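All of these numbers come straight from a predicted model, not from anything done at the bench.
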Amino acid sequence: MTGSRPRFHRPPHGAYTLSTVLAQRHAGLKGAHWSIEAHDWHPDFTPRQVQQRVMTQLRPGAIIVMHDAGQGAANCVAALPGLLEALRGQGYELKRLDALA
């Protein structure tokens, strides 16, 4: 879709199995995990609660997982502009996974 081949794969629910690892290797992908689960998919969470959850767990180098499909899509889309503003306001720099050490 972007014209670039994916380099990372996040298994659903973070569930690594032997099959997952072998399939990642076969596809030339690296496994990716997160340090903050935004809970944007949770039916009781509002976009504001998603933002608060991320901001309270935030640490330098954190990897935040959010969802752009399924139940999380509405919360993610609504929460993201305010979250990005808050992150930048606290001096955080947003980077792609392949830019991290």
Side-chain angles (χ1 to χ4, degrees):
M1 181 176 275
T2 65
S4 298
R5 182 172 165 79
R7 296 179 55 194
F8 297 94
H9 172 257
R10 179 190 63 83
H13 311 288
Y16 284 89
T17 64
L18 178 58
S19 295
T20 301
V21 173
L22 292 175
Q24 287 173 341
R25 286 183 187 166
H26 180 74
L29 299 171
K30 293 181 181 180
H33 208 71
W34 60 90
S35 52
I36 300 174
E37 164 53 86
H39 269 54
D40 52 351
W41 51 265
H42 197 285
D44 295 334
F45 267 54
T46 65
R48 181 72 183 133
Q49 288 171 307
V50 169
Q51 290 177 18
Q52 289 173 337
R53 179 178 172 86
V54 170
M55 296 307 291
T56 59
Q57 295 184 25
L58 194 58
R59 302 287 180 272
I63 297 174
I64 304 163
V65 66
M66 297 180 81
H67 302 82
D68 61 354
Q71 292 180 346
N75 270 341
C76 178
V77 169
L80 206 48
L83 180 57
L84 293 174
E85 183 179 335
L87 292 169
R88 289 183 179 121
Q90 288 193 12
Y92 282 96
E93 185 179 344
L94 307 173
K95 296 184 178 184
R96 294 173 14 162
L97 282 177
D98 58 359
L100 297 177

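- Remark: R25 CZ is loosely packed, at most 12 non-hydrogen atoms of other residues, nucleotides or ligands lying under 6.0 Å away.
- The shortest distance between side-chain heavy atoms of Y92 and P60 falls below 4.5 Å.
- Applying the salt bridge (Lys or Arg N to Asp or Glu O under 4.0 Å) criterion to R7, with sequence neighbours excluded, gives D98.
- Applying the side-chain hydrogen bond (donor to acceptor under 3.5 Å, both in side chains) definition to pairs two or more places apart or across chains, none involves residues 73-88.
- Separating the CG atom in L84 from the CD atom in Q51 is a distance of 9.0 Å, to the nearest 0.5 Å.
- Judged by distance alone, with hydrogens and angles left aside, the side-chain atoms of R53 form a donor-acceptor pair with the main-chain N or O of E37 at under 3.5 Å.
- The aromatic rings of H42 and H39 sit parallel, their planes meeting at an angle under 30°, below the 60° perpendicular limit.
- Between I63 atom CD1 and K95 atom NZ the span is 12.0 Å, to the nearest 0.5 Å.
- In terms of heavy atoms, A78 sits closest to P81 at O-CD, 3.8 Å.
- Within the structure, the side-chain hydrogen bond (donor to acceptor under 3.5 Å, both in side chains) test picks out the following pairs touching residues 57-72 (sequence neighbours left out): D40-H67.
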With side-chain contact (heavy atoms from CB on, under 4.5 Å) as the criterion, how do L97 and K30 come out once you've worked through the C-alpha distance, each side chain's angles and the decisive distance to 0.1 Å?
CA-CA 11 Å; L97 282 177; K30 293 181 181 180; over 6 Å; no
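- Hydrophobic clustering (ILVMFWY, side-chain heavy atoms < 4.5 Å, transitive): V50 and M55 are in one cluster.
- The distance from atom OG1 of T56 to atom CD of Q49, rounded to the nearest 0.5 Å, is 11.5 Å.
- The hydrophobic cluster containing W41 does not contain I64, counting ILVMFWY residues as joined when their side-chain heavy atoms lie under 4.5 angstrom apart, directly or transitively.
- Atom CD in Q52 sits 7.0 Å away from atom OG1 in T46 (nearest 0.5 Å).
- Taken together through direct or relayed side-chain contacts under 4.5 Å among Ile, Leu, Val, Met, Phe, Trp and Tyr, V77 and L83 form parts of separate hydrophobic clusters.
- Grouping the Ile, Leu, Val, Met, Phe, Trp and Tyr side chains by contacts below 4.5 angstrom, directly or via other members, places L22 apart from L29.
- Between V65 and H33 the shortest side-chain heavy-atom distance does not fall below 4.5 Å.
- Contact between A79 and P47 at its shortest, heavy atoms only, is CB-O, 3.5 Å.
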